[in-house]
Amino acid sequence: MTRPGDQISGFGLGLRPQHFSDVLAAPPPAGGGDGAGVDWFEVISENFMAVGGRPMANLMAVRERYPMAMHGVSLSIGGPDPLDRDYLLSLKDLADRIEPAVISDHLCWTGAHGINLHDLLPLPLTEETLDHVAARVREVQDVLGRRIALENASTYVTFTADSLTEWDFLTELTRRADCDLLLDVNNIYVSAFNHGFDAEAYLAGVPAERVKQVHLAGHENNGDHIVDTHNAPVADAVWELYRKAVRHLGPVPTMIERDADIPPFAELVDELAMARRLAAEATGGAAA
Amino acid sequence: MTGALTTVQELFQSRLLAGDETIRVHLTAGGPHLDVYDHAYLARLREVMGEDFPALHTLLGDEEFDAAVTGYLAQHPSSERSVRWLGRAFADWLRGTSPWADLPVAGDMAAFEWGLGLAFDAPDADAIIPDVLAATSPEAWPLLVFDFHPALNTFVLTHDVADFQQAVTREDDPDRAPEAILNGPETWAAWRDADSLRVQFRPLSEDEASGLRLAREAKTFEEICEALAGRDGLDQGDAAMRAAGMLQGWILAGWVAGISAEGMTLA
């Protein structure tokens, strides 16, 4: 079997260890984004950095059949500590092995003074933050030798110092750092609900040509706020927002993330078919 | 960097690690949903510890395990890029912290589970084949030093926790509590089978544990033989035979990833 190329199109899933055997037993994708099941997988970068044994063997077996994207959670692009050079080199090593279509992380910070809080923490949306993040994105891209994509995280607080909307911040960031975006439509919905902004204005405000990947996931509605839990199917309201996103963005590789209460693989493939249907309707049948 | 951003981040971190309220003056409306971050921080790390130490969890029960994890995390905030390494110091912490220091089986179980985890996903390396020894010239032998496969690791136990841990892994009820090792403590090794990639483990005799420790410290074959002779009162020849036998076993098990002799080229 020839290893698939390093581009993604169509519809993917986050690769989770529980599903390795199902993934390897399934017929491989037809390619070109017209498959009926899963066209590509995204992996959490940190889970495979400096790792061998069964996890790496499984990863490489899946890579022989599917194109991939790499998604990180510890870059801390907005953090106060210097970027971790060893981490970046390890990330590059992994990228050299699996040749991902996209390398992404989050617009967030994860800790200070050498501590990692292992959460995607919110940044004040200010000029100071923009300068700081843009310089660091350039530094990361210099090490990796390619663009990265930054994802909008769900947030539960905003700062009194905020002077930019998140979509203006991201747009300006793509200009200053020459980076791409990973748009999480569920996170837009969650943050819009929590902070009372207009999700459609967000969608209209981001530069479509910079969006290389879309995330969808489930959330938990607690009445006065929503938490991005990745433990449930995509909510109806998020599907509706996704339909609008596709109209604005055109066909963009789209995937579903599930990180808790992980269902059988076939259930996620069924859910992914919904994304495929909605995208086809919204684009008049153009492949993502 | 300096400025308002750093100040806000330091306050946010103080909030998550120590419950500091000061960050609220920088949050819109005082941050009515700040508790989402409070909750997520500890919940995420507790979940990871539960996944990495399931047998210890079963052994201690929910309440005691949660207390141990909470105490550990309070003293060991993560400095790791991957949560994979969050529990790195847990066994040592249990062994040195009251009340778990008085329950050595807890530290033993944590050390065992951690060692098996290391063997499971340590980076790959090619093990050398036994033929390498046969092709080594007699004059090279005393100078031989060894590199070991990253998956090989050792840990010291005072209780035989293996049966209990294996039962938990199979999702069976362990039928008895781990028992103290007679004449303990004992060094155990964990490693990964090169073909199946399955994790293996076994206890080491005292002389093998000592020889392996020296070999992993990059001592020469001759130095290992001398230490064995000194330890067990063996003559030089018997010590060399014993060391060569151990080395053969390590190579057959796939523990040895490299062999070299200073100033010499090996076949």
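In the text below, chain A, chain B and the rest are named by the order of the sequence lines, each starting its count at 1. Being a predicted model, the structure only gives us computed values, none of them experimental.
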Next item on the list: Verify the neighbour count for atom CD of B:Gln75: are there more than 12 heavy atoms of other residues, nucleotides or ligands below 6.0 Å?
Entry: yes
Notebook entry, point to check: Can you say whether B:Val83 sits under 4.5 Å from chain A via the side chain, the backbone, both, or neither, judging by heavy atoms?
Noted result: both
Item checked: Spacing of CD1 belonging to A:Ile115 relative to NE2 belonging to B:His76, to within rounding of 0.5 Å -> 12.0 Å
Notebook entry, point to check: chain B heavy atoms under 4.5 Å from A:Asp224: which part of the residue, side chain, backbone, both or neither?
Noted result: both
Notebook entry, point to check: Quick one: what part of B:Leu34 sits under 4.5 Å from any heavy atom of chain A, side chain, backbone, both or neither?
Noted result: both
Next item on the list: Can you tell which part of A:Val51 gets under 4.5 Å to a heavy atom of chain B, answering side chain, backbone, both or neither?
Entry: both
Next item on the list: Sort B:Ala122 into side chain, backbone, both or neither according to what part of it lies under 4.5 angstrom from a heavy atom of chain A.
Entry: backbone
Notebook entry, point to check: Taking atom CZ of B:Arg44 and atom NE2 of A:His118, what is their separation to the nearest 0.5 Å?
Noted result: 8.0 Å
Item checked: B:Glu217, CD atom: more than 12 neighbouring heavy atoms under 6.0 Å -> yes
Notebook entry, point to check: Are side-chain heavy atoms of A:Asp119 and B:Leu16 found at a separation under 4.5 Å?
Noted result: no
Item checked: Gap separating the CG atom of B:Leu5 from the CG atom of A:Asp131, nearest 0.5 angstrom -> 10.5 Å
Checklist line | Residue part contacting chain B, namely of A:Leu123, when any heavy atom lies under 4.5 Å | finding: side chain
Notebook entry, point to check: Between B:Arg81 and A:Asp84, does a salt bridge (Lys or Arg N to Asp or Glu O under 4.0 Å) hold up when you go through it step by step?
Noted result: CA-CA 9 Å; B:Arg81 287 286 152 180; A:Asp84 183 334; 3.4 Å; yes
Checklist line | Heavy-atom side-chain contact between A:Val157 and B:Val36 under 4.5 Å | finding: no
Notebook entry, point to check: Which value, rounded to the nearest 0.5 Å, describes the distance between B:Phe12 atom CZ and A:Leu117 atom CG?
Noted result: 9.5 Å
Next item on the list: Look at atom CG of A:Asp142 and say whether more than 12 heavy atoms of other residues, nucleotides or ligands are closer to it than 6.0 Å.
Entry: yes
Note to self: Looking at every non-hydrogen atom in both residues, tell me the closest pair between B:Asp121 and A:Pro55 and how far apart they are.
What the structure shows: CB-CG, 3.9 Å
Note to self: Name the residue from B:Gln9, B:Gln13, B:Glu10 that meets the side-chain hydrogen bond (donor to acceptor under 3.5 Å, both in side chains) definition with A:His113.
What the structure shows: B:Glu10
Check: Once you round to the nearest 0.5 Å, how far does CG of B:Asp35 lie from OH of A:Tyr156?
Finding: 11.5 Å
Margin query: Apply side chain to side chain contact (heavy atoms under 4.5 Å, CB included) to residues A:Thr155 and B:Tyr37 and explain how you reach the verdict.
Written below: CA-CA 9 Å; A:Thr155 58; B:Tyr37 292 103; 3.9 Å; yes
Item checked: Nearest-0.5 Å distance, CZ of residue A:Arg54 to CG of residue B:Asp124 -> 10.5 Å
Checklist line | Inter-chain contacts: residues 185-197 of chain A against chain B, heavy atoms under 4.5 Å | finding: none
Item checked: Which atoms of A:Tyr87 approach chain B - backbone, side chain, both or neither, heavy atom under 4.5 Å -> side chain
Checklist line | Under 3.5 Å: donor-acceptor pair, side chain of B:Thr28, backbone of A:Thr158 | finding: yes
Note to self: Just so I know, are the side chains of B:Arg84 and A:Asn47 near enough to count as touching, which here means a heavy-atom distance under 4.5 Å?
What the structure shows: no
Notebook entry, point to check: Under a 4.5 Å heavy-atom cut-off, does chain B meet the side chain of A:Thr229, its backbone, both or neither?
Noted result: neither
Notebook entry, point to check: For atom CZ of B:Arg198, is the number of surrounding heavy atoms from other residues, nucleotides or ligands below 6.0 Å larger than 12?
Noted result: no
Item checked: Heavy-atom neighbours of B:Asp173 CG exceed 12 at 6.0 Å -> no
Item checked: Inter-chain contacts: residues 17-27 of chain B against chain A, heavy atoms under 4.5 Å -> B:Leu17, B:Val25, B:His26, B:Leu27
